[in-house]
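These notes are about the structure you will find just below.
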Amino acid sequence: MTLLDPTLTPDAAGDLIKEGTDASFMTDVIEASKHQPVIVDFWATWCGPCRTLGPALEKAVRAAKGAVKMVKIDVDANPAYAGQLRVQSIPTVYAFVNGQPVDGFQGAIPDSQIKDFIDKLTGGQGGSTETAQLLELGEESLVLKDFGGAAQAFAHVLSIEPENEKAIAGMARVYLAGGDPEQATQTIAMAPQDSKEPAVQSVRAQLALASKTPSGASAELEAKVAADPNDHQARFDLAEAQSAAGDFKGAVDNLLAIIQADREWNDQAARKQLLVIFEAAGLTSDVSKDGRRRLSSILFS
């Protein structure tokens with residue numbers, strides 16, 4: 001399978017998720033758990049919460065990429081081991097390791113708690129590695145302007161971890177790059193309002209810049225600056241237009257030119273705008289690091 005394929009092949013999925021019976025319990029659960037953790041889902045066809053929990057469990061098990069297996073037991077057709085384990089309500093889930101039940105829960109629970117349950121069982125193996133690879137692939141695709149590939153990678157992460165803030169920010173950046181700030185705004189709203197994730201803060205800063213409407217088109221502003229290099233307002237407007245279009249380096253160059261000429265101009269508007277651009281570009285980006293170095297050189301020279 002490819003890295004972007006959100007599902008396992010049928011054969012691989014069959015190895016990870018099985019319909020178990022009382023007759024196969026010793027082989028599918030007890031013996032199998034001596035080699036890797038096995039989750040047992042006790043369910044019944046008439047159970048409403050079972051129809052919610054079962055697919056969510058299967059999705060999480062597939063996302064763990066072989067770190068854990070799952071066996072589904074219909075308690076109506078197979079009551080023996082459910083009775084031995086004192087299953088009193090369904091759905092009930094048990095985790096087996098080395099032939100023994102080591103953890104469990106009852107009732108349908110959110111995806112995030114299912115992931116925590118599996119992470120605890122496997123020591124965090126499986127999905128976390130895949131998530132890191134997908135996020136890296138998404139970032140590389142953005143750099144290469146392969147927006148379709150980036151969208152696939154970030155969407156796959158969100159199918160595994162719906163609250164992953166890096167992936168949310170990545171999808172928002174895809175929309176921004178595609179000229180759809182409205183969809184980018186809706187996407188980044190999925191992240192907590194008080195998020196400290198730098199990627200989320202960067203997107204929000206980019207959206208704030210993109211929402212501004214500079215007076216005049218870039219070409220006109222460039223002509224104004226060329227005609228009068230000391231027209232700080234025209235240069236500032238040009239920097240706003242450049243940053244709104246994603247040209248952070250050009251914006252930084254023009255704002256630094258204003259600060260070099262008059263650091264106090266318009267109540268230090270250029271320096272304040274520069275800090276917003278550093279956040280939008282990413283505080284660890286080359287544009288921000290070079291810009292901060294040059295700003296320090298100007299301020300402390």
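Bear in mind the structure is a predicted one, so any value in this text is a computation, not a measurement. Counting from 1, the numbers follow the sequence of the chain as shown.
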Residues in ring pair (Phe, Tyr, Trp, His ring centres under 6.0 Å) with Tyr81, at least two apart?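 Ring pair (Phe, Tyr, Trp, His ring centres under 6.0 Å) check on Tyr81 returns Phe25.
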Phe147: what forms a ring pair (Phe, Tyr, Trp, His ring centres under 6.0 Å) with it, not counting sequence neighbours?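 Per chain and number, Phe147 pairs via ring pair (Phe, Tyr, Trp, His ring centres under 6.0 Å) with no residue.
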Using 4.0 Å as the upper bound for N to carboxylate O, is an ion pair formed by Lys18 and Asp28?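 Yes, charged N to carboxylate O under 4.0 Å.
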Please determine whether a side-chain nitrogen of the Lys or Arg among Arg294 and Asp290 lies less than 4.0 Å from a carboxylate oxygen of the Asp or Glu.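 Result for this pair is yes, salt bridge flagged.
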Sequence neighbours excluded - ring pair (Phe, Tyr, Trp, His ring centres under 6.0 Å) pairs with any residue from residues 30-52: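 Qualifying pairs, neighbours excluded: none.
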Can you tell me which residue pairs pass the ring pair (Phe, Tyr, Trp, His ring centres under 6.0 Å) test with a partner in residues 279-301, sequence neighbours excluded?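 Counting only pairs at least two positions apart or across chains, no ring pair (Phe, Tyr, Trp, His ring centres under 6.0 Å) contact touches residues 279-301.
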All side chain to side chain contact (heavy atoms under 4.5 Å, CB included) counterparts of Pro79, not counting sequence neighbours: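 Checked Pro79 against side chain to side chain contact (heavy atoms under 4.5 Å, CB included); matches are Asp22.
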Residues in side chain to side chain contact (heavy atoms under 4.5 Å, CB included) with Pro101, at least two apart?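 Partners of Pro101 by the side chain to side chain contact (heavy atoms under 4.5 Å, CB included) criterion, ordered by chain and then number, come out as Leu85, Tyr94, Phe96.
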Gln36 side chain to Gly66 main-chain N or O, any donor-acceptor pair under 3.5 Å?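 Yes: the side chain of Gln36 pairs with the backbone of Gly66.
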Any pair with a residue in residues 163-179 that passes salt bridge (charged side-chain N to carboxylate O under 4.0 Å, His left out), sequence neighbours left out, goes on the list, sorted by first then second residue, please.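 Only Glu139-Arg173, Lys166-Glu197 qualify under salt bridge (charged side-chain N to carboxylate O under 4.0 Å, His left out).
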Which pairs with one or both residues in [range] pass disulfide (SG to SG under 2.5 Å), sequence neighbours excluded?
range	answer
residues 38-101	Cys47-Cys50
residues 232-265	none
residues 231-263	none

Run the side-chain donor-acceptor check on residues 254-266: report pairs under 3.5 Å with partners two or more places apart or on a different chain.
| from | atom 1 | to | atom 2 | distance (Å) |
| --- | --- | --- | --- | --- |
| Asn254 | OD1 | Arg235 | NH1 | 2.8 |
| Asn254 | ND2 | Gln242 | OE1 | 2.9 |
| Asn254 | ND2 | Gly250 | O | 3.2 |
| Asp262 | OD1 | Glu264 | N | 3.2 |
| Asp262 | OD1 | Trp265 | N | 3.4 |
| Arg263 | NH1 | Leu299 | O | 3.3 |
| Arg263 | NH2 | Ile298 | O | 3.0 |
| Glu264 | OE1 | Gln268 | NE2 | 3.2 |
| Glu264 | OE2 | Gln268 | NE2 | 3.3 |

Residues Ser288 and Ser285: side-chain donor-acceptor under 3.5 angstrom: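 Per modelled atom types, Ser288 and Ser285 side chains form a pair under 3.5 Å.
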Is it the case that more than 12 heavy atoms not belonging to Gln84 sit under 6.0 Å from its CD atom?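 More than 12 within 6.0 Å, yes.
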Excluding sequence neighbours, so at least two apart, what forms salt bridge (Lys or Arg N to Asp or Glu O under 4.0 Å) with Lys249?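 Once residues adjacent in sequence are excluded, the partners of Lys249 under the salt bridge (Lys or Arg N to Asp or Glu O under 4.0 Å) criterion are Asp253.
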